[in-house]
Each structure stands twice: as structure tokens, then as C-alpha cells.
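Residue numbers start from 1 in every chain, and the chains themselves are labelled A, B, ... in the order their sequence lines are given, proteins ahead of strands. Note that the structure is a prediction, hence the values are computed from the model and not measured.
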Number of protein chains: 2
Amino acid sequence: MITIFDVAKEANVSKSTVSRVVNNDPSVKDDTRVKVQAAIKKLNYAPSFFAKGIRTGKTKTIALLVPEYTNMFYGEMFNGVEDMAFKKGYVVVVCNTGNATSEKEYINKLLERNVDGIIYNTYNASKSTINFLEKLSQETPVVVMDELLGRNSNLNCVYTDGYNSSREAVHYLTKKGIKEIGYVKNNKSIQATKYRYQGFLQGLKECRLKYKKEYIYECTEEAKSNYMKAGKKAGEYFLSLQRKPSAIMTDIDLLAIGCSTQLIANGIKIPEEISIVGFDNIELGEISHPALTTIAQPTREMGCKAAEIIIDQLEGSERQVEKMVFTGELIVRDTTI
Amino acid sequence: MITIFDVAKEANVSKSTVSRVVNNDPSVKDDTRVKVQAAIKKLNYAPSFFAKGIRTGKTKTIALLVPEYTNMFYGEMFNGVEDMAFKKGYVVVVCNTGNATSEKEYINKLLERNVDGIIYNTYNASKSTINFLEKLSQETPVVVMDELLGRNSNLNCVYTDGYNSSREAVHYLTKKGIKEIGYVKNNKSIQATKYRYQGFLQGLKECRLKYKKEYIYECTEEAKSNYMKAGKKAGEYFLSLQRKPSAIMTDIDLLAIGCSTQLIANGIKIPEEISIVGFDNIELGEISHPALTTIAQPTREMGCKAAEIIIDQLEGSERQVEKMVFTGELIVRDTTI
DNA sequence: CTGTTAGCGCATTCAA
DNA sequence: TTGAATGCGCTAACAG
């Protein structure tokens, strides 16, 4: 391995001087700098990651925690995180907390490896996890990407405002002349959707539409991991209604697609008879037929912003809790009139 | 920070003894071991990642390089890699080479951070990348997950045998009484599919089916990143044929789904008139209608195996090139008779 | 079986 | 503006 010492010898200076050049210390004379840089280049020198870490305690590494890898949502987010991290000289490690026995143990393992900051995603965080994260964030920058967590904690956060996004979607449908809107709620296991439904209710109020209990369908617990099927069940439910809503909003896209599929299979014309609106803008929504109208989260930007917050707090002087809220964008395709 | 020295003081032994206990040196007397372990626990000591690295040169880190994050195939593979890595005390970092300007530069950056091994995925590797990887693998364990690379290099590799998988699919269709099989080739940008088509041709020979040039459709270059659309075009092509094949195999699932969609939209009954077989078993194939018959790669096991090879080579004594070939599994669903 | 000692490569005083 | 000296926390001889 080629060390700082070799460079020093080559350039006829001391180790300290080389160290100064490497760390951009301005107090180095220009021609010594040039000399040293030449030596560095010639020897193809790269500072030892460890030796550097042992002195600085930093690894230039950000951990991205996700509950599931095989979810393109996190893939996109990863892209955003990496965009920013790479630009700033950081490396991202992704970790799947869904597999790990204990999330906290996992995080501790990461901390042992001296990750500099943590971006935390979850489907469902316990109160004790929140406490843990809050304590943790006193020493290590943490960003949570979850609306519920973001609102109810003292943590940095980045999320899409499900409440207002749904609310606005109701306004959109209303403007199209729709007066009766149903809703498909997922079961409780994913907390991100919590405020979406509430935004829907608020939208109803604002648009002076009446709330009809029978227009609200909540997925059964067993449908949990198969949203497509759950959506179909929701479709069946609406089919069974004497009087049907003229639009249906859903907590997530797959529910919308399943529902729409089931309705079509039973002769309902979409969007002529019933409009459908999803949430999340998964890829499938674009390919499926008819293409799904949905609310898109700016996932990539969100990841980018999260990384930026971490890095700013790492490199800046003061730290204050940052709350970054994005608004979902309604993407109108073929399931709405 | 609490160091080995603090533990030594607490347990009334020397640093070396603590180090021995931590590293499971058998030559430590049992009661000293117990004493030290108690001290470690009491002080909640964890060895410094850096100090350790500076001495051993190892990080217990494996890099997984993928050309794209938002591809669930790699998500699944990641799960496999992590299963094994986690079990063995390694951490996985995923890196997107698709974004990076220069792949080699990226790899070098990882090497500077002392990743212990590299699992390399690609859509399309240049000759110079192969050389680079071959040279690299002399010092650092490398596993390539690509059939073309795997066959034509001296590198460790793990891949699914596209050749035989396709070949066997032809046999399967033949047993079902199908005598005329078409094929949708993707364009050349993804080398993984290279041998699939060749396996198809071989299957034709073995089953004494005749090769008909007009039954082979190759996607145009512009269809590149939209396989769904490309598949639809393929469907149109087959529609235009006077005499149609009674089955169509494709290089990848999305092509199959697009093709099937287009055929159905034009009144062809699937699978009664034409059977369709995809490749890869993407999730969409399962939800789409009719559910797609396809060839599944054991993606998760592949990732697991790749990690295992890396770790074995890291921890074992001799190193010899390992070639691990999996066979795809035909998953019969509703697009085949 | 255990302690002593000498670095690993670097950043950072303190002197010059 | 530079160099010499010190120590970060650990492992690995070597001695005992």
C-alpha cells in the first residue's frame, strides 16, 4: 500500500505537508502544493480510509433504511439519495430492516460501523422506535421519511403530504362534476396512508359532498400482502351496491388497479361510469389498462432532499430540526373522466 | 468512546488479553475470559471499526453492483445477498453503476473504501470491463452474475442457464402438442438474453420443429426502454401474419405481456389459439390477466450463493474460480394451454 | 496462559 | 510556511 509517507519522500517534504495538501489547508505554498500533487498523482496515492477514520471518526457514509427492497418506491428514493450523496462524496448503504430481527439492533450495528447519518423508512414504527430515533438523533443526523413519524416527533423529516394531496384530488373530481366519491382504505399495517383518508374526508367537507358510510370500504386484514386481490374484493363490494359512487379513491395504486380490474370485468365502464384514483404512481399504473390516474410522490427528490439534510447537518455548524413536506402531484390518465 | 484499554482496566488484564477474547483466541484461560466478557458487557464495549481495519485491512463489507435500482430483480437478489452476508457478519452496500460516469472509476472508489468483495451485475459489459474485473479479481473476490460474462471469462460467476431453460420450455410446449413456435427477441442492449434465443433454436431442433424466419420477431432499437410497447408491436407483427404460430416465446416477461395484451385486444384467444411464455417471472406477470406462464430465475438463491462464494474466498485458504449455474423453473400459469 | 511493545496511516498540536 | 512529535484503538510478534 502506498502511504502518505511515500508521497512525502517523493515530493521531498514531510508527511504533515502532504496531509495539508490532501486536506486543502490554505497555508501551503503554491509550489509545494504543486510538487506534492504531482507526487500524489505519480504514485497514485489515496488516503487510507481507516487511518482517516480513526482520526476523524467519519466514514462519509449514509445509511438508507427501508422496510423492503423489492418495492420500486424505495428504488427511486435510493436514486435520489445517491444523486446527492455521490455529488458530495458520500457513499450510501441500503439496509433492509424488514428482515432484521430487531430494528434497533440493526441500527446499532450500523452505528458501530460509523455511518455518519441515517435515513429511516418504515411501514409502521412503534413508539419505542421513535424514542430510540429521537435519542439517537442527538448524536447522529437522522431523517425519517414518514408522515406520521414526521408530524409527531422531533426528528428531521421528509414526506409527501398525503392529507392535502387527497384533499386536492377530491376537489379535482368535484370540478369534473362528480358528486359521489367512494374510498378504499388499506388495512392499518402501513401508517403512511393514515392521513390520506383524512384528507379525503376533509375534501368531502370542503366540496360539500356527503359522506356515505357505505362508500367507504376497508380492506380485511388477510388481504394484507396482496393489495391487488384486496382491490378486487373492494371492486366486488362496490359492485354489490345498489347505488354506486361515480368515483373511487384509494389509499394506494394496487388497490385502485385491482378495484378497476374487477369493475371492468363486470361490465362497468371506466372512467365513464366510475372514475378511479390511486396513490403513489407505481409503474404498473402506467402500463395497466386503462392507465391509472394517480397521485405521485416526488420520490426521487425526496431522497435527494433527505440526503441533503443529513449532509448539511454533518458539515454545517448549527443543527435544527428540518421538516420538508412535498405535495403529491395528480397525474391524470385514463381512469378519470 | 470506550476502548479496549478501558475494558482491560476494568477486568484487570492487559489490552492484548482483551483483544484475544474479542477475537476468540482459544489460548485464554476460562475464568479470565469470563472476567473480560463481563467487563465488555458492563462497559458496553464495541471494537473500533477503524482501528480494526487499519490492522486487518478488512471491512466485512460486500459491494453489490447493479445497473439499475428500480428493477425488482435486483431487489430480490439483494435479499439473497443480504441473507447470507448478514448471517456471516458482513454488510452489503448496493451501488448503482447505471448512474456513474465510469464504472471502473466507481469500482475504484469502492476499493478505496476497502470493500472486501464485489458482486457485479450488468446489462452489457465491455471487453475492457471484463479485463478490468479479471485483473481486479486477483486481489479481491469478484462474482459476476451474467451468463455471457460467466461463460467467457475466468471469473467466479453465478447465473441462470438461459440456454437450457428456453430449450426445455420448447420441449414443454411440444409435449402439449404445439408444433409452431414464434419468438420475440429483445434488441441487443441486454446481453443476458443472448443465450435464451439460442436455447430456443436448439429446442426447435431437438423437437424436430421447423424454424420459420417469419416467426422470429426482433424488437427495434427505439423500443429499447419500453418493453411493454415493444411487446405490443411484436403482437401487431404476429397479427399481420397470415399463418400464425400456436405459441410465442419471448426474451423477457414484459415483451410477453405486451404481446399477449395486443393479441387479446385483437380478438385472439390466449392460450387457446396462441400460448405465450415469458422469461424472468416479474411480479406483473402474476397479476396481469391472463397470468403469464414464464421461466423463473431463482434470484434470491443466486444472490445468496454469490455472497457465499465471496465470503468463502475471503475466509478460506485456496481460491479457485467457481461457476455456479442455476436452471430456470417453468412456472405454468394461464397463457399456455 | 498473559503482558509488553511496536507500529498500522493519518491529523494535529507545537516549534521553528 | 513547514517539520517533528504525538497518539487515535487495535493486532501481532515476542517474551516471560
K.L.:
Any Lys/Arg nitrogen of B:E112 or B:K109 sitting under 4.0 Å from an Asp/Glu carboxylate oxygen of the other?
P.N.:
no
K.L.:
Quick one: is C:dC1 close enough that its OP1 or OP2 comes under 4.0 Å of any side-chain N or O from B:T17?
P.N.:
no
K.L.:
Quick one: do A:K60 and A:E315 make a salt bridge, cutoff under 4.0 Å?
P.N.:
yes
K.L.:
Can you confirm if the aromatic rings of B:Y106 and A:F86 lie within a centre distance of less than 6.0 Å?
P.N.:
yes
K.L.:
Do nucleotides 8-16 of chain D as a string where each nucleotide becomes B, S or -: B if the base has a protein heavy atom under 4.0 Å, S if just the sugar-phosphate does, - if no protein is that close.
P.N.:
BBBBBB---
K.L.:
If I take atom CG in residue B:D30 and atom C1' in nucleotide C:dT2, what distance separates them, rounded to the nearest angstrom?
P.N.:
15 Å
K.L.:
Tell me whether B:D116 contacts the main-chain N or O of B:I62 through its side chain, where contact means a donor paired with an acceptor under 3.5 Å.
P.N.:
no
K.L.:
Check the distance between C:dT12's P and A:D25's CG and give it to me in whole angstrom.
P.N.:
10 Å
K.L.:
If you measure from OG1 on A:T129 to CG on A:N131, what distance do you get to the nearest 0.5 Å?
P.N.:
8.5 Å
K.L.:
What is the separation between atom NZ on A:K29 and atom P on D:dG3, rounded to the nearest whole Å?
P.N.:
10 Å
K.L.:
How far apart are the C-alpha atoms of A:E147 and A:R151, what are their side-chain angles, what is the distance that settles it, and do they pass the salt bridge (Lys or Arg N to Asp or Glu O under 4.0 Å) test?
P.N.:
CA-CA 6 Å; A:E147 186 163 12; A:R151 287 181 177 212; 3.2 Å; yes
